[in-house]
Structures are given as structure tokens and as C-alpha cells.
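Values below: every heavy atom of this structure, side chains too, minus hydrogens, waters and symmetry copies. Position 1 is the first residue of the sequence; numbering continues from there.
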Amino acid sequence: MRLWITRQGAVLRSSRGQILLETEGQVEKAWPLEIVDEVVLVGSVQPSVNLLRTLSNRGVPVHLVATSGRYRGAFFLPLSGQAELLKLQVWSTLDPLPIAKRIVEGKIRAMGAVLRAWGKRVPRVREGASEVEAFLLMLSHAEDVESVRGIEGGATAAYFRHFAAMVPGPFAFAARTTRPPRDPVNALLSFGYSLLLTQVVTAIQMAGLHPALGYLHVSHGARPALALDLMEEFRSVFVDRLVVRMLRQGIVNLGHFRPVKGGVYLNDEGRGVFLRHFTRGLGTENEGFREHIFRYVQHFKGHLRGESFPFLVKGVP
């Protein structure tokens, strides 16, 4: 069971085999420790030291996400990877170009597939698939990671120009903006990507890989560069499709957002609505996108040992 705690000012602590959610000194909810396998704290939620120690001992990851949608980090599990696997991972980062190209190719293929699917409802969006996939030829000739990053940026900008046609009124979306997101659509995308990142970090840790060793994304400090790499193929097929569906079906409205210091963010009610639909789409470890995420990370792990690393778009509906 995943716990998504969004109640601002709440305290989360453990007692007698339970996780307790308290506000103003009163217990609001309680969950048995043994059924919780992941915790995501959104915004100003204070976990007790005893709870963190207990969850760490049980191998349960705890992720921190800001109300702005920015991923803050995680209390990592003790490194469970095998030494030989860690050596393979480190060696592979010494020549990051092949994997960086593979990651960007997967992202471009996924964005093209999503645009083609949307084109069944909005025909002019279908033209965007060819425009985005044209970057694949450029990618095949890239000779360094910096060039790969530039191609990835160009393909993504082209994708979001066509993504805008899927956004219904009264929402407005001109381009992807972050830190801060400038409109409600960008607020949804940012929040969704951060939640997706928590799932990829968990899958990486459970696979025994180190999340900070990246290929496309620069590794520095505790930044989960590998997780940022491996979530690229999932952005459009999971988060973007979810956001478009919620907008076009009227599941979210302008009342679910609030302006803060030049940015636009989901309010408490909006985060709750988004989380319910995100969780529903994510499914379980045995069904839904969470299964795809875990399987995808296992394929990457196998690739380090010389196995194939298939593209996601072939296996995701």
C-alpha cells in the first residue's frame, strides 16, 4: 500500500505497529505498518525520527514532494545492490553516449505514439508525430551527450507545440514552463512528473541500482539522475495522457489552482483530485503502469549485463 500524505501541517509518526496521521495533536487516521510499502509526503508534512527509522529498517522508501510539484528527494533504502552490479553501473557511465541515445530515442518514440493516438480525435495533432520523429535521424548521428540533450530539447519543444492543441478552453497552454509553472496545465504536468519520479526511484532502489548515476542527466550530489533518465519514456504515455484526459473530461477546473509568487500551483483540493486519478492509473505492482515501471527498470538492469533493453511504447497501452 502506498501512502500519499497531503494534509499540510500534519505529523506522521509510528506507534505500536501503526502509522499515525495527526493534526493539532489529534489522530485522524492510522494504518498498520505491515501493509505500507511506500510513503510520499507532499508539502509541509512532518515525519517523526522514530517513523523514519522504523520505515528504513523495513525497507520502505519515503519520498518528499513540494506542493509546487518539485521532487525534493527521498530517505533512501540501505544500498541493497550487489557489488558486481554497482561496478557494471559505474563502468557504463564512463561511456554514457549509447544509453543516453537509447533513452532519448525511447522518449521520442513515445511522444510520437501519443500524438498519433490523439490525432484520432484531433487530426492536426497527428502531423506532430512526424515532426517529433524527424529528430530520430538527427539522434542517430549525434556524437556526444551534449548533442543528444539538444536533440531531446528540440523534440520535446515540438511535441508540446502539438500537445497544446489537446488543451481545452478555458485553460491556456503555450509552452512547457517550470520553476515555477506559469499556468494550470504546467502545474499539473510538474506535479505529475514529480509523482512519477517517486515511483521510478523506488523501482531503481528495489532493483539494487544506484539512483544518482545518470547518462542523459548530469549526476551531482543526491540528484536522482538515473531515475530522471528512466522516467523519460513514461512522461508522455502516462502523465501527459492523464493530464489531457482530466482536462478534457472536466475532472479538474480553474478552482483547483492558486497563484503563488508568479507561479500557478494545485491547491489542496486539486492535489487530492489529481492524486486519486494518478493512483488509479498507476495500479499495483502486478497491474498497471507501476508494473511497467518495475519491469522497465529490470530491463535496464539486464542491459548492464549485456541483455536487450526494449522500448516501452511496444508494451504500454
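Here the side chain of S140 pairs a donor or acceptor atom with the backbone of L137 at under 3.5 angstrom. Judged purely by atom type and a 3.5 angstrom limit, D37 uses its side chain to pair as donor or acceptor with the backbone of M1. Using modelled atom types, one side-chain atom of N57 and one backbone atom of R53 make a donor-acceptor pair closer than 3.5 Å. Side-chain N or O atoms of S219 include one that pairs as donor or acceptor with a backbone N or O of G214 at under 3.5 Å. Although no hydrogens or angles enter the test, the distance criterion places a donor-acceptor pair under 3.5 Å between the side chain of R182 and the main chain of G262. A donor-acceptor pair under 3.5 Å is formed between the side chain of N186 and the backbone N or O of A175. In terms of modelled atom types and a separation under 3.5 Å, the side chain of D229 and the main chain of H217 share a donor-acceptor contact. Put simply, the side chain of K301 gets close to the backbone of A207: a donor and an acceptor are under 3.5 Å apart. Remark: side-chain polar atoms of S56 are not paired, donor with acceptor, to backbone N or O of L52 under 3.5 angstrom. Listed for the S48 side chain is a donor-acceptor partner under 3.5 Å among the backbone atoms of L51.
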Side chain to side chain contact (heavy atoms under 4.5 Å, CB included), that's the test. Do L136 and M138 meet it? Break it down for me.
CA-CA 5 Å; L136 289 173; M138 297 171 60; over 6 Å; no
Going through the checks in order, is the salt bridge (Lys or Arg N to Asp or Glu O under 4.0 Å) test met by E233 and R102?
CA-CA 10 Å; E233 284 192 52; R102 159 64 186 77; 2.7 Å; yes
Could you walk me through whether R124 and E127 satisfy the salt bridge (Lys or Arg N to Asp or Glu O under 4.0 Å) test, starting with their C-alpha distance in whole Å, then the side-chain angles of each, then the deciding distance to 0.1 Å, before giving a yes or no?
CA-CA 6 Å; R124 61 192 172 100; E127 300 171 5; over 6 Å; no
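Shown here for Y265 and P181, the closest heavy-atom pair between the two residues is CE2-CD, 3.6 Å. Closest approach of V218 and R149 over heavy atoms only: CG2-NH2, 3.5 Å. The shortest non-hydrogen separation linking P184 to V264 is N-CG1, 3.8 Å. In terms of heavy atoms, V252 sits closest to L247 at CG2-CD2, 3.7 Å. Contact detail for E131 and A158: the closest heavy-atom pair is OE2-CB, 3.6 Å. When every heavy atom of V200 is checked against every heavy atom of A227, the shortest pair comes out as CG1-O, 3.7 Å.
A donor-acceptor contact closer than 3.5 angstrom is absent between the side chains of D95 and Y215. When only modelled atom types and interatomic distance are considered, S92 and H303 share no side-chain donor-acceptor pair under 3.5 Å. Remark: the S190 side chain and the R176 side chain contain an N/O donor-acceptor pair separated by less than 3.5 Å. Neither side chain, S44 nor Q8, offers a donor N or O lying under 3.5 Å from an acceptor on the other. Under 3.5 Å, the side chains of S147 and E143 contain no donor-acceptor pair of N or O atoms.
Residue pairs meeting the salt bridge (charged side-chain N to carboxylate O under 4.0 Å, His left out) criterion with at least one member in residues 253-271, sequence neighbours excluded: D268-R271.
Ring-plane geometry between F173 and F160 is classed as tilted, the angle between the planes lying from 30 to 60 degrees on a 0 to 90 degree scale. Using cut-offs of 30° and 60° on the angle between ring planes, the pair Y296 and F309 is tilted.
I293 is connected to L275 through a chain of hydrophobic side-chain contacts under 4.5 Å among Ile, Leu, Val, Met, Phe, Trp and Tyr, so both are in one cluster.
Each of R116, R109, R126 was compared with E133 under the salt bridge (Lys or Arg N to Asp or Glu O under 4.0 Å) criterion, and only R116 meets it.
The residues E34 and R58 are annotated as not salt-bridged, no charged nitrogen and carboxylate oxygen being separated by less than 4.0 angstrom. In this structure, E105 does not pair ionically with K101, as no charged nitrogen and carboxylate oxygen lie closer than 4.0 Å. Between K107 and E152 a salt bridge is recorded (basic side-chain N to carboxylate O distance below 4.0 Å). At a threshold of 4.0 Å, the pair R290-E38 counts as salt-bridged, since one of the basic side-chain nitrogens sits closer than that to a carboxylate oxygen.
Ring to ring, F238 and F278 are close: their centroids are under 6.0 angstrom apart.
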